[in-house]
Amino acid sequence: MASDSNGKKTKSGIGFRYAWNGLRWTFLEERNFRIHTIAALIALITGVIFRIDPAEWAAILLSIGFVIVTEMINTVIELMMDHLSPEQSKAAGLIKDIAAGAVLIAAITAICVGLVVFVPEIISVL
């Protein structure tokens with residue numbers, strides 16, 4: 001049997017509730033996650049406005065997923081390192097920095113995809 005965030009034993013197959021709890025907690029507690037979520041919404045709205053084609057939608061949606069997932073993994077790594085090494089540690093700090101670097105790469109990649117998709121659309125309107 002699986003365990004929830006409170007350590008209670010749970011039946012398998014009801015993990016979506018715990019996944020939503022994780023998403024909600026991350027959204028409420030992590031400022032950068034909220035920033036990425038707002039950027040994702042802006043990209044989605046912009047895609048609707050410009051009526052981008054299916055391939056462009058795929059690139060935008062994959063980029064959004066890439067950023068959101070890396071941000072959540074970064075959050076998990078930070079929480080684990082804070083739990084495992086509450087005192088200042090060079091190794092723990094480096095681990096957290098590397099995880100944050102992964103989010104930065106994901107975000108830069110998403111920005112590049114957004115530029116490739118949306119700049120030609122914006123130029124065509126001008």
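Sequential numbering from 1 along the given sequence is applied to the chain's residues.
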Query raised in the report: Hey, does Glu121 have a side-chain heavy atom less than 4.5 Å from the side chain of Glu56?
Result: yes
Query raised in the report: Between Asn74, Ile68, Val69, which is the residue that forms a side chain to side chain contact (heavy atoms under 4.5 Å, CB included) with Met72?
Result: Ile68
**Report entry** Closest heavy-atom pair and its distance - Ile60, Gly114
**Finding:** CD1-CA, 4.3 Å
Query raised in the report: Is there a path of hydrophobic side-chain contacts, each under 4.5 Å between heavy atoms of I, L, V, M, F, W or Y residues, that connects Val125 with Ile123?
Result: no
**Report entry** Minimal non-hydrogen separation, Val67 against Ala106, with atom names
**Finding:** CG2-O, 3.4 Å
Atom pairs and distances, donor-acceptor, side-chain atoms in residues 94-103, under 3.5 Å, two or more places apart:
residue, atom, partner, partner atom, Å
Lys96, NZ, Asp82, OD1, 2.6

Tabulate below the donor-acceptor pairs under 3.5 Å that side-chain atoms of residues 31-39 make, not counting sequence neighbours, or state none.
residue, atom, partner, partner atom, Å
Arg34, NH1, Phe27, O, 2.9
Arg34, NH1, Leu28, O, 2.9
His36, NE2, Glu71, OE1, 3.2
Thr37, OG1, Phe33, O, 2.8

Requested in this report: Following the transitive rule for hydrophobic clusters with a side-chain heavy-atom cut-off under 4.5 Å over Ile, Leu, Val, Met, Phe, Trp and Tyr, establish whether Leu79 and Tyr18 coincide in one cluster.
Outcome: no
Query - Connected via hydrophobic side-chain network under 4.5 Å: Ile73 and Met81 - result: yes
Report task. Would you give the length of the straight line joining atom CD1 of Ile42 to atom CD1 of Ile49, rounded to the nearest 0.5 angstrom? Result -> 10.5 Å
Query raised in the report: What distance do Phe118 atom CZ and Ile111 atom CD1 have between them, rounded to the nearest 0.5 Å?
Result: 13.0 Å
Query raised in the report: In terms of hydrophobic clustering (I, L, V, M, F, W, Y; side-chain heavy atoms under 4.5 Å; direct or indirect links), are Ile45 and Val117 co-clustered?
Result: no
Query raised in the report: Trp57 side chain to Ile52 main-chain N or O, any donor-acceptor pair under 3.5 Å?
Result: yes
Requested in this report: Indicate, with yes or no, if Phe66 and Ile64 share a hydrophobic cluster defined by side-chain heavy-atom contacts under 4.5 Å among Ile, Leu, Val, Met, Phe, Trp and Tyr.
Outcome: no
Query raised in the report: Strictly by modelled atom types, are Ser89 and Glu87 linked by a side-chain donor-acceptor pair under 3.5 Å?
Result: no
Query raised in the report: Can you tell if the side chain of Phe50 reaches within under 4.5 Å of the side chain of Thr46, non-hydrogen atoms only?
Result: yes
